[in-house]
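What follows is a set of notes on a single structure, which appears directly below.
Residue numbers begin at 1 in each chain, while the letters A, B, ... track the order of the sequences. Keep in mind it's a predicted model, so treat the numbers as computed, not measured.
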2 protein chains.
Amino acid sequence: MKKELSNALIYPPVLCPLALTLDVIGGKWKPLIVHLVSQGVNRFSLLEKQLPGISRKMLANQLRELERDELLTREIFAEIPPRVEYSLTETGLSLLAAVMPLYEWGVQHLAHKQPRHTAIQL
Amino acid sequence: MKKELSNALIYPPVLCPLALTLDVIGGKWKPLIVHLVSQGVNRFSLLEKQLPGISRKMLANQLRELERDELLTREIFAEIPPRVEYSLTETGLSLLAAVMPLYEWGVQHLAHKQPRHTAIQL
DNA sequence: CGGAATCCCAAGCGATACTG
DNA sequence: CAGTATCGCTTGGGATTCCG
């Protein structure tokens with residue numbers, strides 16, 4: 001199956017599709033956020049609880065980027081106290097589907113390995 | 001001061017499998033490296049060419065971590081000039097399978113979106 | 001409650017030189 | 001070729017405060 005490798009790049013001058021995807025959900029938190037939102041963890045404070053170790057600044061930043069990339073939407077309720085709900089867009093759902101295999105891989109290997117850095121509740 | 005730590009929160013009873021996976025391939029480069037190695041880009045200098053923007057230090061570091069996590073192996077040939085070949089382990093192959101949907105997602109969206117920041121291009 | 005704005009420090013990372 | 005070693009700057013992101 002090995003391809004012939006010349007001097008040329010594999011994906012020149014266009015990007016590797018994988019790099020494009022990583023451009024959107026690459027990072028430590030975004031896949032977790034997308035997955036959590038799909039599970040109904042759709043508010044700022046709820047996400048904060050489910051992501052031990054993340055700072056408010058980081059969470060806000062990641063949410064903004066996900067919104068900018070149209071993976072999720074913000075719905076603001078003018079109430080007291082104020083409320084904001086996040087939900088996945090169609091694009092977000094399609095990306096979630098692509099992320100789920102990573103979740104399944106984790107399930108398969110959870111029995112054999114223990115996490116080193118991050119322990120996150122679901 | 002009020003550095004009161006809730007152990008129950010930091011070490012929750014159930015670990016998110018997705019977090020475990022991200023612990024292993026989370027990051028900007030690792031999915032790309034795993035995919036490239038599977039395509040036969042199995043030497044240091046070849047990988048360096050295929051990853052414009054990565055520094056030698058970073059590439060070496062990521063390779064060490066992937067090796068430590070037993071996703072790939074190093075084979076050293078005592079030749080002149082020296083040669084080192086990387087290849088995926090069984091675990092690495094299983095993870096590659098879980099990463100491929102992200103690749104496919106990128107393919108689907110390449111037509112609609114253009115990359116923004118971390119453009120891997122030449 | 002859900003953020004935005006500031007301050008600030010150390011880890012992270014790039015660039016370069018060097019080595020087996 | 002395939003890396004290490006070293007230096008120095010950048011910036012990620014933690015802590016805190018303030019606002020609608």
Between D:dG3, C:dG14, C:dC1, which one does the side chain of A:Arg43 approach most closely? C:dC1
Whole-Å distance between C:dC1 P and A:Asn42 CG? 15 Å
Check every strand shown and say whether B:Gly27 touches a base, only sugar-phosphate, or nothing at a heavy-atom separation below 4.0 Å. nothing
Please indicate whether B:Glu79 has more than 12 foreign heavy atoms, meaning atoms of other residues, nucleotides or ligands, lying under 6.0 Å from its CD. yes
Could you check whether any side-chain heavy atom of A:Glu65 comes within less than 4.5 Å of a side-chain heavy atom of A:Lys30, counting everything from C-beta outward? yes
Between the protein and nucleotides 4-6 of chain D, are there any N/O to N/O pairs under 3.5 Å, and if so, what are the atom names and distances?
| residue | atom | partner | partner atom | Å |
| --- | --- | --- | --- | --- |
| D:dT4 | OP1 | B:Arg64 | NH1 | 3.4 |

After noting the C-alpha distance and the side-chain angles of B:Thr73 and B:Thr89, does the key distance pass the side-chain hydrogen bond (donor to acceptor under 3.5 Å, both in side chains) rule? CA-CA 7 Å; B:Thr73 56; B:Thr89 62; over 6 Å; no
Might you point out which heavy atoms bring A:Arg43 and A:Tyr86 nearest each other, and give the distance in Å? CA-CD1, 4.5 Å
Ignoring backbone atoms, test whether A:Ser45 places a side-chain nitrogen or oxygen under 4.0 Å from the OP1 or OP2 oxygen of C:dG2. yes
Could you tell me whether the side chain of B:Leu47 reaches within less than 4.5 Å of the side chain of B:Asn42, counting heavy atoms only? no
Measuring only between side-chain heavy atoms, which start at C-beta, is A:Met100 closer than 4.5 Å to A:Tyr103? yes
Angle, rounded to 10°, between the helical axes spanning five pairs at each terminus of the helix from C:dC1-D:dG20 to C:dG20-D:dC1? 50°
Are any non-hydrogen side-chain atoms of B:Asp69 and B:Asp23 less than 4.5 angstrom apart? no
Residues two or more places apart in sequence or in another chain: which of them pass side chain to side chain contact (heavy atoms under 4.5 Å, CB included) with B:Ile80? none
Base, sugar-phosphate, or nothing: which does B:Tyr86 touch, judged by heavy atoms less than 4.0 Å apart? sugar-phosphate
Between CG of B:Leu47 and P of D:dG3 the distance, given in whole Å, is 10 Å
In whole angstroms, how far is the P atom of C:dG3 from the CD1 atom of A:Ile33? 12 Å
